[in-house]
Amino acid sequence: QVQLAESGGGLVQPGGSLRPSCPVSGFIFSSNTMGWYRQAPGKQRELVAKIYSSGLTIYVDSVKGRFTISRDNAKMVSLQMNALKPEDTAVYYCTVNNNYWGQGTQVTVSS
């Protein structure tokens, strides 16, 4: 059974950094796409970043230049978040192919 478990969220001041990570247990083909979504209160879940097995990455415009997604084959996906803003506050979810999801980790950016 495939399981994802995010960690590394927390409370940070504006301009700070966090690095959520998401280890994957169970068998996953390395060709799968891995990604991060987020959902703020009262808003729909949105794509933050995704990374293909080729290494190609895609980011939502609001995080370009600040966030970096990386993966360790199909066993771990991480999201380096720098220069955080209050509008980045949300629950962040990792996913494999949008088929498997973690339980989410809270990121709060506030002074």
Side-chain angles (χ1 to χ4, degrees):
Q1 183 174 359
V2 176
Q3 292 185 321
L4 288 69
E6 304 94 338
S7 63
L11 172 64
V12 65
Q13 292 186 344
S17 298
L18 286 172
R19 186 182 172 84
S21 61
C22 178
V24 179
S25 61
F27 179 76
I28 291 289
F29 287 105
S30 60
S31 59
N32 282 295
T33 300
M34 307 178 83
W36 288 91
Y37 283 69
R38 66 186 178 187
Q39 187 166 19
K43 295 187 177 182
Q44 289 187 331
R45 189 175 296 190
E46 66 168 353
L47 172 69
V48 177
K50 64 170 64 175
I51 181 167
Y52 295 88
S53 58
S54 63
L56 176 68
T57 57
I58 294 176
Y59 298 92
V60 67
D61 285 346
S62 60
V63 308
K64 285 181 180 178
R66 300 189 298 122
F67 290 12
T68 303
I69 188 171
S70 60
R71 62 188 286 170
D72 177 10
N73 203 0
K75 302 308 292 182
M76 172 82 77
V77 60
S78 301
L79 187 67
Q80 178 67 46
M81 306 191 296
N82 298 327
L84 282 160
K85 304 176 181 180
E87 52 264 43
D88 295 317
T89 294
V91 178
Y92 284 71
Y93 299 90
C94 61
T95 180
V96 175
N97 267 5
N98 287 12
N99 289 330
Y100 303 101
W101 295 86
Q103 81 287 354
T105 185
Q106 177 70 46
V107 171
T108 302
V109 185
S110 175
S111 55

Problem set entry | Inter- and intrachain pairs under disulfide bond (SG atoms under 2.5 Å apart), touching residues 7-111, at least two apart | Cys22-Cys94
For this session: Mind listing the closest non-hydrogen atom pair of Ala83 and Arg66 along with its distance?
Result: O-NH1, 2.9 Å
Exercise. Of all residues at least two apart in sequence or in a different chain, which pass the side-chain contact (heavy atoms from CB on, under 4.5 Å) check with Val109?
Worked result: Val12, Pro14, Leu84, Pro86, Asp88, Thr89, Val107
Exercise. Going by the side chain to side chain donor-acceptor pair (under 3.5 Å) test, which pairs reach into residues 101-111, not counting sequence neighbours?
Worked result: Gln106-Thr108
Exercise. What ring pair (Phe, Tyr, Trp, His ring centres under 6.0 Å) pairs are there with at least one residue in residues 4-32, not counting sequence neighbours?
Worked result: Phe27-Phe29
Problem set entry | Residues which pass side chain to side chain donor-acceptor pair (under 3.5 Å) with Asp61, listed by chain and number, not counting sequence neighbours | Lys64
Exercise. side-chain contact (heavy atoms from CB on, under 4.5 Å) with Thr57: which residues, sequence neighbours excluded?
Worked result: Ile51, Tyr59, Ile69
Problem set entry | Heavy-atom donor-acceptor pair, Asn97 side chain to Thr33 backbone, under 3.5 Å | yes
Seminar exercise, completed: By side-chain contact (heavy atoms from CB on, under 4.5 Å), Ala40 pairs with (sequence neighbours left out) Lys43, Ala90
Exercise. At what distance, to the nearest 0.5 angstrom, does OG of Ser31 lie from CD1 of Ile28?
Worked result: 9.5 Å
Problem set entry | Residue pairs involving residues 68-87 (criterion salt bridge (charged side-chain N to carboxylate O under 4.0 Å, His left out); sequence neighbours excluded) | none
Exercise. Just wondering, do Arg19 and Ser70 contact through their side chains at under 4.5 Å, heavy atoms?
Worked result: yes
Seminar exercise, completed: Applied to residues 74-100, the ring pair (Phe, Tyr, Trp, His ring centres under 6.0 Å) test, sequence neighbours excluded, yields none
Problem set entry | side chain to side chain donor-acceptor pair (under 3.5 Å) partners of residues 44-54, not counting sequence neighbours, each pair once | Arg38-Glu46
Problem set entry | Pairs satisfying side chain to side chain donor-acceptor pair (under 3.5 Å), at least one member in residues 6-18, at least two apart | Ser17-Asn82
Problem set entry | Stepwise side chain to side chain contact (heavy atoms under 4.5 Å, CB included) check, Val96 with Val24 | CA-CA 9 Å; Val96 175; Val24 179; 4.3 Å; yes
Seminar exercise, completed: Heavy atoms of Thr95 and Asn99 approach each other most closely as OG1-N, 4.0 Å
